[in-house]
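Input: a single structure, listed below in structure tokens.
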Amino acid sequence: MATTTATAPTPFAREVRRRRALRRMSQLELATLAGTTQRHLSFIESGRSVPGRAMVVRLSESLGLTLRERNSMLLSAGYAPAYAESAPESPAVGPAMEALRSILTGHLPYPAVVAGPRGELVLANAAFEVLTEGAAAHLLAPPVNVLRLALHPEGMAPRVANLAAWGRHITEGLRARATAHPDPELDSLIDELAGYLPAAPPPGPDHLGFAVPLRLRTAGGELRLLTTLTSFATAVDVTLAELHLEAFLPADAATAALLHHRRAATPATPQPEPRRGAGPGARGGTGHR
């Protein structure tokens, strides 16, 4: 591979070194994963060698970066981004979005949503109404943020019986993501969400972690819900790669029966459609796990 000599570390060189240190990887570990030598990586990080485009992609992938971060790394090295970023309503991601709509419908009578990286609501099924019940209008005005809806005192919070533990589960998950993929906007959102939570007592000897079922009060009784997260593992579009589907499942038979009853008693309603400005690439302080 042809290289050129640089007199000082480039923005890309500094970024590789920063991200490697963040992940506590040695030069040898990263070089091995990227299929190069420790000496070559040392030259890249010092600015003595300028990597080719393929090496930038390999290093970004080996660092476990998101597609958005990989595009940023390419730009810092002087190359054009490799991954497209399409709007949710774009024909480029149309088949994938249609597949998500089918999954949401098939998940009924249980609630499920598709959200962006900071909780921006993109799609939801009809059972989503069990989560929005009684929420203030300003939390339901587009663009809806499902994280804020979940923990805000005018959202779901008054109906969550285990708010301290469940809220901690959400914020700790977000903090783990922010550590691996630094994002000032996500940090700001985490601070906001943490401010809504009551103080939790120190974990006792029987503490099993904060991955706990959501206990949600409704007029028909308390729901106990487990959650699953699904994402596109092989997406090559930034928008699709940043979407995740969060599906709620009953943790007991009583919850399943209550949700089936609600579904039978509720007239069919259309699913919310993606809205411009509310997609994964949107800015402006909206956010869900």
Side-chain angles (χ1 to χ4, degrees), residues 12 15-16 18-20 22-23 25 30 33-34 53-77 79-104 107 112-125 143-147 170 173-187 189-190 227-247 272-289:
F12 174 76
E15 194 64 11
V16 170
R18 183 183 73 84
R19 291 184 181 274
R20 180 176 62 76
L22 182 66
R23 285 156 176 76
M25 297 175 68
L30 179 55
L33 288 172
R53 187 175 185 275
M55 178 55 67
V56 174
V57 172
R58 292 210 304 273
L59 288 170
S60 298
E61 183 177 22
S62 299
L63 285 165
L65 303 186
T66 65
L67 298 193
R68 183 179 299 280
E69 289 170 329
R70 295 181 198 186
N71 275 347
S72 177
M73 293 289 274
L74 283 163
L75 286 169
S76 71
Y79 299 106
Y83 307 98
E85 182 177 359
S86 307
E89 63 271 20
S90 166
V93 297
M97 297 302 294
E98 189 58 37
L100 287 172
R101 291 187 185 91
S102 296
I103 294 171
L104 291 175
H107 194 66
V113 301
V114 175
R118 303 178 194 88
E120 309 92 334
L121 179 66
V122 178
L123 293 171
N125 66 7
V144 175
N145 183 306
V146 291
L147 288 172
I170 292 177
L174 291 172
R175 285 194 176 97
R177 187 200 308 168
T179 298
H181 307 284
D183 177 354
E185 292 183 42
L186 183 57
D187 290 339
L189 177 63
I190 293 169
T227 60
T228 64
L229 289 174
T230 305
S231 61
F232 288 94
T234 57
V236 292
D237 187 284
V238 173
T239 295
L240 290 182
E242 291 185 338
L243 292 180
H244 69 266
L245 185 152
E246 182 158 9
E273 290 296 314
R275 298 175 182 271
R276 293 187 181 276
R283 295 292 187 259
T286 63
H288 196 163
R289 178 172 91 270

For the residue pair Ala82 and Arg53, what are the closest heavy atoms and their distance?
CB-NH2, 3.3 Å
Can you name the residues that form a side chain to side chain contact (heavy atoms under 4.5 Å, CB included) with Thr228, not counting sequence neighbours?
Ala247, Leu249
Measuring from Leu100:CG to Leu240:CG, what's the distance to the nearest 0.5 Å?
7.5 Å
Do Asn71 side-chain atoms and Pro81 backbone N/O form a donor-acceptor pair below 3.5 Å?
no
Can you name the residues that form a side chain to side chain donor-acceptor pair (under 3.5 Å) with Ser62, not counting sequence neighbours?
none
For the residue pair Ala34 and Leu59, what are the closest heavy atoms and their distance?
CB-CD2, 3.7 Å
Taking it one step at a time, do Leu123 and Leu243 satisfy side-chain contact (heavy atoms from CB on, under 4.5 Å)?
CA-CA 10 Å; Leu123 293 171; Leu243 292 180; over 6 Å; no
Side chains of His244 and Val114, heavy atoms from C-beta outward: is any pair under 4.5 Å?
no
Minimal non-hydrogen separation, His107 against Ala112, with atom names
CD2-CB, 3.7 Å
Rounded to the nearest 0.5 Å, what separation is found between the OG atom of Ser60 and the CD atom of Glu15?
9.5 Å
Do Asp237 and Tyr83 have side chains that approach each other closer than 4.5 Å (heavy atoms only, starting at C-beta)?
no
Quiz question: by atom type and distance under 3.5 Å, do the side chains of Ser72 and Glu69 form a donor-acceptor pair?
no
Shortest non-hydrogen contact from Leu22 to Ala180?
CD2-O, 4.0 Å
Side-chain (Thr239) to main-chain (Ser86) donor-acceptor, under 3.5 angstrom:
yes
Please give me the minimum heavy-atom distance between Phe232 and Ala96, naming the atom from each residue.
CZ-CB, 4.1 Å
Assess whether side-chain contact (heavy atoms from CB on, under 4.5 Å) is satisfied between Met97 and Val122, documenting all intermediate values.
CA-CA 10 Å; Met97 297 302 294; Val122 178; 3.7 Å; yes
Looking at CZ of Arg23 and CZ of Arg19, how far apart are the two atoms once the value is rounded to the nearest 0.5 Å?
6.0 Å
Is a side-chain donor or acceptor of Ser231 paired with a backbone partner of Ala233 at a separation under 3.5 angstrom?
no
With rounding to the nearest 0.5 Å, note down the distance linking CZ in Arg177 to OG1 in Thr66.
10.5 Å
Closest contact, heavy atoms only, Asp187 versus Ala178:
OD1-CB, 3.5 Å
With sequence neighbours excluded, tell me which residues meet side chain to side chain contact (heavy atoms under 4.5 Å, CB included) with Asp183.
Arg118, Glu185, Leu186
Quick one: do Glu98 and Arg101 satisfy salt bridge (charged side-chain N to carboxylate O under 4.0 Å, His left out)? Show the steps, please.
CA-CA 5 Å; Glu98 189 58 37; Arg101 291 187 185 91; 3.4 Å; yes
Does a side-chain heavy-atom distance below 4.5 Å link Leu104 with Leu245?
yes
Quick one: CG on Leu174 to CG on Leu147, what's the gap to the nearest 0.5 Å?
5.5 Å
CZ of Arg70 to CG of Leu65: how many Å apart, nearest 0.5 Å?
6.5 Å
If we only count heavy atoms from C-beta on, is the Met73 to Val57 side-chain gap below 4.5 Å?
no
Arg68 versus Glu85: any side-chain heavy-atom pair under 4.5 Å?
yes
